[in-house]
Engineer: 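Take this structure, written in structure tokens, and hold onto it; I'll ask about it next.
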Amino acid sequence: MDERRVIIVGGLPAPVGGVTSYISRLVHLVPELFSEIIDLYPDDNKHGAPPGVILTQYPGPFSIEFVIRLFREKGTLHCNFSTLRSVFLFLCIIKPKRSRWILTLHNGSLGEKGWGTNWKNWGRRKLAELALSKFDNIIAISSTQKSFYESLKVDKKKIVILPTYVPLQSSFNEASPKLVKYQDFVSDHPGYLNILMNGYGTSIYRFEDLISFVQSNDGYTLTIALYGHIDGSYIAYLRKLSEGLPIFFVFSLSQEEFSYILKDCDIYVRANSVDSFGIVVADAVVNGKHVIATDVCSRFPGAYLYRCGDSSALWSLIRRYHNRRDSNYKEAFEFLNIDSDGTFKDGLKKRYHEVYFS
């Protein structure tokens with residue numbers, strides 16, 4: 001195996017989520033950096049790996065097969081998880097000589113109580129400190145994450161700030177059954193501005209905030225794209241609120257199908273009460289959409305932010321659609337700390353090459 005190429009750990013869609021979308025985009029944009037993808041989220045509908053990159057699947061991060069691989073692997077591993085819980089696995093691993101471990105945690109609120117874990121607990125803090133100490137580098141997706149890692153005594157020299165947004169490079173089939181239904185929905189409401197929301201079918205996404213807006217304001221439709229975990233009682237509640245309103249629910253879109261709807265919508269809203277970076281916020285900005293998001297975490301530049309639950313501010317920002325900012329790739333380069341000489345791909349490859357091989 002070429003020791004100058006990286007094994008990236010996490011997964012490919014499906015399921016679609018922050019970790020899998022990030023890895024899929026990164027390995028397809030710069031496949032020359034990677035030799036293998038280790039996929040820890042088994043699914044029958046996996047996206048393929050790019051040519052020249054091996055896809056290896058294990059039944060989960062705590063599976064015996066993956067643990068054995070960690071004991072044996074002497075290459076460079078870039079491990080991607082959502083929260084610190086998965087990192088505790090590395091406490092029981094004796095790191096092989098000549099191996100290099102790099103970590104990215106994609107949840108933007110690692111130390112927040114909203115994620116159900118109190119990391120101020122002394123014992124857990126000590127275990128987290130020990131687990132993190134095994135990594136050669138840690139990629140922090142924001143200054144907030146950097147501060148959190150520093151509070152866990154991670155050597156500042158090991159921390160690299162590199163947001164995990166990678167532009168979407170994909171095609172789509174406009175004739176897919178789900179997109180045909182979406183197109184029919186839009187055609188039934190000519191002249192309306194189409195608002196898009198997406199996420200798990202759980203209450204932290206606050207879809208009801210936009211249902212309330214559509215109920216009280218003419219001239220708007222709302223598309224709600226759901227994936228992943230679905231809370232049946234919450235969805236039933238949303239459907240009840242949506243009766244008689246121009247609201248379209250769609251489930252389990254492929255990455256390409258969702259890309260089509262995102263490119264077609266007028267306004268994208270991320271109303272979450274708890275969130276990480278929000279990769280779709282970045283996609284929507286880059287695609288020139290009017291983007292509105294809560295200020296619960298760091299956001300991609302170009303989005304209008306408001307305090308979660310402030311309906312007055314949300315409604316005002318939606319109505320500012322006609323005065324929206326234009327998307328600007330320069331902001332993206334600055335936000336990602338990438339040299340804007342050359343192409344976005346070249347700049348991104350340069351930054352990751354520095355992290356992987358320096």
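For the single chain, residues carry numbers from 1 onward in sequence order.
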Engineer: Is there a donor-acceptor contact under 3.5 Å from the side chain of Gln145 to the main chain of Asn107?
Structural biologist: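 Present.
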Engineer: Within the side chain of Asp39, is there an N or O that forms a donor-acceptor pair under 3.5 Å with the backbone of Thr56?
Structural biologist: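 Pair absent, no side-chain N/O of Asp39 close to backbone of Thr56.
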Engineer: What's the shortest heavy-atom distance between Arg100 and Tyr356, and which atoms?
Structural biologist: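 That would be NE-O, 2.9 Å.
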Engineer: Atom OG1 in Thr164, atom CD1 in Ile139: separation rounded to 0.5 Å?
Structural biologist: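 Output value for this atom pair is 9.0 Å.
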Engineer: Does the side chain of Asn198 reach to within under 4.5 Å of the side chain of Phe258, using non-hydrogen atoms?
Structural biologist: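 They are in side-chain contact.
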Engineer: Can you name the side-chain contact (heavy atoms from CB on, under 4.5 Å) partners of Lys153, sequence neighbours left out?
Structural biologist: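 For Lys153, the residues satisfying side-chain contact (heavy atoms from CB on, under 4.5 Å) (neighbours in sequence not counted) are Lys126, Glu129.
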Engineer: Could you report the tightest heavy-atom contact between Ala303 and Val281, atom names first, then the distance?
Structural biologist: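 Heavy atoms of Ala303 and Val281 come nearest at CB-CG1, 3.9 Å.
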Engineer: Whether the side chain of His290 engages the backbone of Leu317 through a donor-acceptor N/O pair (distance < 3.5 Å, no angle test) should be reported.
Structural biologist: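 Yes: the side chain of His290 pairs with the backbone of Leu317.
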Engineer: Would you indicate whether the side-chain heavy atoms of Arg25 and Asp283 approach each other to under 4.5 Å?
Structural biologist: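 Answer yes - side chains close enough.
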Engineer: Under 6.0 Å between ring centres: does that hold for Phe135 and Phe90?
Structural biologist: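 Yes.
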Engineer: Are Lys181 and Val250 side-chain neighbours, meaning at least one heavy-atom pair lies under 4.5 Å?
Structural biologist: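 No, every pair of side-chain atoms sits at 4.5 Å or beyond.
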Engineer: Honestly curious: do Leu305 and Val296 fall in one hydrophobic cluster under the side-chain, below-4.5 Å linking rule?
Structural biologist: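 Shared cluster, no.
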Engineer: Is it the case that the side chain of Asn272 and the backbone of Asp275 share a donor-acceptor pair, with hydrogens and angles ignored and the cut-off at 3.5 Å?
Structural biologist: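 Judged by distance alone, no pair lies under 3.5 Å.
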Engineer: Any idea which heavy atoms bring Leu152 and Ala128 closest together, and the distance?
Structural biologist: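 Leu152 and Ala128 have their closest heavy atoms at CD1-CB, 4.1 Å.
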Engineer: What distance separates Phe88 CZ from Arg124 CZ, expressed to the nearest 0.5 Å?
Structural biologist: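 It is 7.5 Å, given to the nearest 0.5 Å.
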Engineer: Would you indicate whether the side-chain heavy atoms of Tyr220 and Ile318 approach each other to under 4.5 Å?
Structural biologist: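 Yes, at least one pair of side-chain atoms sits under 4.5 Å.
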Engineer: Which distance, rounded to the nearest 0.5 Å, do you find between the CG of Leu132 and the CG of Leu105?
Structural biologist: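 Separation between the atoms: 7.5 Å.
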Engineer: Got a salt bridge between Glu65 and Arg69, using NZ or NE/NH1/NH2 to carboxylate O under 4.0 Å?
Structural biologist: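 Salt bridge flag = no for Arg69 with Glu65.
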Engineer: Do Phe207 and Leu226 make a side-chain contact, defined as non-hydrogen atoms from C-beta onward lying under 4.5 Å apart?
Structural biologist: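 Yes, their side chains come closer than 4.5 Å.
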Engineer: Does the side chain of Tyr306 come within less than 4.5 Å of Asp295's, by heavy atoms?
Structural biologist: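 Counting from C-beta outward, Asp295 and Tyr306 never come under 4.5 Å.
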Engineer: Looking only at heavy atoms, what is the nearest atom pair of Leu89 and Pro61, with distance?
Structural biologist: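 Taking Leu89 first and Pro61 second, the nearest heavy atoms are CD2-O, 2.9 Å.
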Engineer: For the aromatic rings, using the six-membered ring if either is Trp, is the centroid distance between Tyr227 and Phe251 under 6.0 Å?
Structural biologist: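 That pair fails the under 6.0 Å test.
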Engineer: Between Lys46 and Ala14 (side chain of the first, backbone of the second, donor and acceptor by atom type, cut-off under 3.5 Å), is there such a pair?
Structural biologist: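 Judged by distance alone, yes, a pair lies under 3.5 Å.
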Engineer: Ser24: which residues meet the side chain to side chain donor-acceptor pair (under 3.5 Å) condition with it, sequence neighbours left out?
Structural biologist: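 Side chain to side chain donor-acceptor pair (under 3.5 Å) list for Ser24, sorted by chain: empty.
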Engineer: If you measure from NE2 on His78 to CZ on Phe34, what distance do you get to the nearest 0.5 Å?
Structural biologist: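 The CZ atom of Phe34 is 7.5 Å from NE2 of His78, to the nearest 0.5 Å.
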Engineer: Going by salt bridge (Lys or Arg N to Asp or Glu O under 4.0 Å), name the residues that satisfy it together with Asp209, two or more places apart in sequence or in a different chain.
Structural biologist: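 Salt bridge (Lys or Arg N to Asp or Glu O under 4.0 Å) list for Asp209, sorted by chain: Arg206.
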Engineer: For the residue pair Trp101 and Ile93, establish whether any side-chain heavy-atom pair is separated by less than 4.5 Å.
Structural biologist: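 Side-chain contact under 4.5 Å: yes.
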Engineer: To check you understand the geometry: which heavy-atom pair defines the closest contact between Ile161 and Ser143, and what is its length?
Structural biologist: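 Nearest heavy atoms, Ile161 then Ser143: CD1-CA, 4.2 Å.
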Engineer: Report the C-alpha distance between Tyr260 and Ser176 in whole Å, list the side-chain angles of each, state the deciding distance to 0.1 Å, and finish with yes or no for side-chain contact (heavy atoms from CB on, under 4.5 Å).
Structural biologist: CA-CA 11 Å; Tyr260 174 87; Ser176 78; over 6 Å; no
Engineer: Could you tell me whether the side chain of Asn194 and the main chain of Cys265 form a donor-acceptor pair under 3.5 Å?
Structural biologist: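 Pair absent, no side-chain N/O of Asn194 close to backbone of Cys265.
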Engineer: Within this structure, what is the OG-CG distance for the pair Ser254 and Leu179, rounded to the nearest 0.5 Å?
Structural biologist: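 Taking OG in Ser254 and CG in Leu179, the distance rounds to 7.0 Å.
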Engineer: For Leu348 and Leu26, what are the C-alpha separation, side-chain angles and deciding distance, and is it a side-chain contact (heavy atoms from CB on, under 4.5 Å)?
Structural biologist: CA-CA 9 Å; Leu348 197 69; Leu26 185 61; 4.2 Å; yes
Engineer: Would you say that Leu245 contacts Leu222 through its side chain, given a criterion of any heavy-atom pair below 4.5 Å between the two side chains?
Structural biologist: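 Counting from C-beta outward, Leu245 and Leu222 never come under 4.5 Å.
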Engineer: Between Leu262 and Lys289, what is the shortest heavy-atom contact and its length?
Structural biologist: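 Looks like O-CE, 3.2 Å.
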